[in-house]
Amino acid sequence: MVEPSLVLYGALYERALGVLDETLRETGARYALLIDRKGFVLAHKEALWAPKPPPLDSLATLVAGNAAATQALAKLLGEARFQEVVHQGEHMGLYVDEAGEAALLVLVFDENAPLGKIKLHGKRAAETLARLAEEALANPPKLNLDTQYREEAKALLDELFGN
Amino acid sequence: MSTINFANREINFKIVYYGPGLSGKTTNLKWIYSRIPEGRKGEMVSLATEDERTLFFDFLPLDLGEVKGFKTRFHLYTVPGQVFYNASRKLILRGVDGIVFVADSAPNRLRANAESMRNMRENLAEYGLKVEDLPVVLQVNKRDLPDALPVEMVRAVVDPEGRFPTFEAVATEGRGVFETLKEVSRLVLARVGSGA
Ligand SMILES: Nc1nc2c(ncn2[C@@H]2O[C@H](COP(=O)(O)OP(=O)(O)O)[C@@H](O)[C@H]2O)c(=O)[nH]1
Ligand SMILES: [Mg+2]
């Protein structure tokens, strides 16, 4: 296995949620996500006042794809990496920053959130989350999924994909 | 390499549909999307050009359901098949758990099948992976073409050692589509907890 899976759970997961929560409060952003480079959501928080978010799976996949393409572009130009990415539309914006090698921080914000705050607190949060991710990578959990898991999963495959 | 989210009790797998341009990868995903009931699938995302050629990838998340308290999900991706999109293709292979290689039965695509398989090996090698290390299922698609090559001939150029489980398909009619997906899912799940 070349690329270790990043798994957040227990205290590390709680701390990640805490960071996301604080970042929402400091910036006024709507949603904060920590995703892995493959595009899977590791942790996410929504501001209490925010409307229902778009599908997070799609969001995470597109952000990860985008980040991978951006990183490849940086390499082509002889750069180790590009800075954080901000996309801004008329009403909504997106902030994406690397949280270490294995993860990305994503903030979704609207016109009421000042961009300066998004960038400042986004950067800080990304640094904290990078350290959490590093800790998590250094302590991978032992997964106790056994033959019973595989048997049950097989039954579900039959149900969903037919016999 | 599956992504496990203990907090939400989720386990996620990434399955990539690979193969030469126009072999039917996107058609596979579209068929799956059209047949899986609501609630078991998410939005399908297609990054395509105006003439429906895949530019970066198609994406479809599926929900298998709960297994021993873990929500189990598959993220299906297709790659753009055209030769010049290799940079994007490589990115999509990152963290892959299983592969469906969609080969084209048309006689004039035999070489393209072989080249795509070679390209897949090269791209996997950049992640330090070998085809032999991963669950790979071969789908020989477009069996409805009047001049379709014999399956064995297609197989000889992409899988001469006969290593991969192989399914014949007509993706436009859904023939072989779920059989293929089920087999790759089964192989991927079989590696859970086995230390792979
Ligand atoms: N005759 C036939 N055509 C197919 C089949 N599967 C896909 N196609 C057609 O082949 C073309 C390319 O399919 P697409 O899924 O976009 O290929 P991709 O480049 O691999 O994603 C489309 O016009 C499809 O309708 C099949 O089983 N038989
Ligand atoms: Mg396509």
Side-chain angles (χ1 to χ4, degrees), chain A residues 1-10 12-14 16-17 35-44 54-62 64-69 71-73 75-76 102 140-163, chain B residues 1-12 14 32 35-37 40 42-45 47 56-57 59-68 70 72-73 75 77 87-88 90-92 94-97 127-129 133 177-183 185-186 189-196:
Chain A
M1 188 196 307
V2 184
E3 190 164 4
S5 292
L6 176 55
V7 182
L8 278 185
Y9 68 109
L12 281 178
Y13 175 76
E14 294 300 329
L17 282 184
I35 68 175
D36 73 9
R37 298 288 182 142
K38 297 190 262 172
F40 291 113
V41 179
L42 298 171
H44 96 278
L56 296 182
D57 274 344
S58 306
L59 188 74
T61 297
L62 290 170
N66 212 359
Q71 198 181 38
L73 280 171
K75 251 205 217 155
L76 271 184
K142 192 92 195 72
L143 185 59
N144 262 330
L145 293 176
D146 46 14
T147 46
Q148 208 186 329
Y149 175 89
R150 297 200 282 273
E151 289 300 312
E152 277 188 35
K154 249 188 90 211
L156 285 174
L157 283 183
D158 289 338
E159 182 214 313
L160 192 58
F161 302 151
N163 274 306
Chain B
M1 274 186 289
S2 48
T3 297
I4 300 145
N5 187 326
F6 277 86
N8 299 335
R9 300 194 70 76
E10 286 175 6
I11 176 160
N12 297 303
K14 177 170 179 176
I32 294 163
R35 292 302 153 113
I36 293 281
R40 306 294 289 274
E43 305 269 330
M44 179 160 168
V45 176
L47 300 183
F56 196 173
F57 58 77
F59 167 70
L60 174 61
L62 296 181
D63 234 315
L64 185 61
E66 203 161 295
V67 187
K68 289 199 78 183
F70 277 87
T72 299
R73 296 152 98 200
H75 280 188
Y77 286 82
S88 327
K90 203 179 304 176
L91 298 176
I92 293 154
R94 182 170 183 172
V96 64
D97 294 300
Y127 293 107
L129 289 170
D133 302 336
V177 169
F178 275 107
E179 290 83 346
T180 307
L181 174 59
K182 194 174 163 190
E183 178 65 5
S185 308
R186 199 183 61 74
L189 285 165
R191 297 181 2 137
V192 170
S194 67

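By convention in this document, chain letters (A, B, ...) are assigned in the order of the sequence lines, proteins followed by strands, and residues within each chain are numbered from 1.
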Q: With only heavy atoms counted, which part of B:Ile92 is less than 4.5 Å from chain A, the side chain, the backbone, both or neither?
A: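 For B:Ile92, no heavy atom lies under 4.5 Å from chain A.
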Q: Report yes if the side chains of B:His75 and A:Asp57 come closer than 4.5 Å at any heavy-atom pair, otherwise no.
A: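 Yes, side chains in contact.
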Q: Could you look at B:Leu62 and say if it's the side chain, the backbone, both or neither that has a heavy atom under 4.5 Å from chain A?
A: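 For B:Leu62, the contact with chain A is made by the side chain alone.
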Q: Heavy-atom distance under 4.5 Å to chain B: side chain of A:Glu14, backbone, both or neither?
A: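 Answer is neither: A:Glu14 stays 4.5 Å or more from chain B.
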Q: Chain A heavy atoms under 4.5 Å from B:Glu179: which part of the residue, side chain, backbone, both or neither?
A: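 Neither part; nothing is under 4.5 Å.
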Q: As an exercise, state the distance from CZ of B:Arg35 to CG of A:Leu160, rounded to the nearest 0.5 Å.
A: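 Reported to 0.5 Å precision, the distance equals 13.5 Å.
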Q: Looking only at non-hydrogen atoms, find the nearest pair between A:Ser58 and B:Val45 and report the distance.
A: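 What the structure gives for the nearest pair is OG-CG2, 3.7 Å.
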Q: Report the option among B:Tyr77, B:Phe59, B:Phe57, B:Phe56 that has the most heavy-atom pairs separated by less than 4.5 Å from atoms of chain A.
A: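 Option with the greatest count: B:Phe59.
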Q: To the nearest 0.5 Å, what is the distance between CZ (B:Arg40) and CG (A:Leu156)?
A: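 The CZ atom of B:Arg40 sits 7.0 Å away from the CG atom of A:Leu156.
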Q: Which residue out of A:Leu76, A:Leu62, A:Leu17 racks up the most heavy-atom pairs below 4.5 Å with chain B?
A: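 Of the candidates given, the most pairs with chain B belong to A:Leu62.
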Q: Would you check if the side chain of B:Lys68 reaches a backbone N or O of A:Glu152 as a donor-acceptor pair within less than 3.5 Å?
A: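 Checked: no pair found.
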Q: Tell me if the CD atom of B:Glu43 is crowded by more than 12 foreign heavy atoms within 6.0 Å.
A: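 No, the 6.0 Å shell around CD holds no more than 12 heavy atoms from other groups.
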Q: Tell me, for B:Asp133 versus chain A, whether the close heavy atoms (under 4.5 Å) come from the side chain, the backbone, both or neither.
A: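 Contact with chain A is absent: no heavy atom of B:Asp133 under 4.5 Å.
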Q: Say you draw a straight line from CZ of B:Arg73 to CZ of A:Phe40; how long is it, rounded to the nearest 0.5 Å?
A: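 Rounded to the nearest 0.5 Å, the CZ-CZ separation comes to 8.5 Å.
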Q: Measure the spacing between CG of A:Leu157 and CG of B:Leu64 and express it to the nearest 0.5 Å.
A: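 That separation rounds to 5.0 Å.
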Q: Closest approach of B:Leu91 and A:Ala72, non-hydrogen atoms and distance?
A: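 What the structure gives for the nearest pair is CD2-CB, 4.5 Å.
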Q: Less than 4.5 Å apart, side chain to side chain, heavy atoms only: is that true for A:Val41 and B:Asn12?
A: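 Contact flag for A:Val41/B:Asn12 side chains = no.
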Q: Would you give the length of the straight line joining atom CG of A:Asp158 to atom CZ of B:Arg186, rounded to the nearest 0.5 angstrom?
A: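 Reported value, rounded in 0.5 Å steps: 10.0 Å.
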Q: Heavy atoms only, distances under 4.5 angstrom: which of A:Ala155, A:Ala153, A:Pro55 has the most pairs with chain B? Name it, please.
A: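 Of the options given, most contacts go to A:Ala153.
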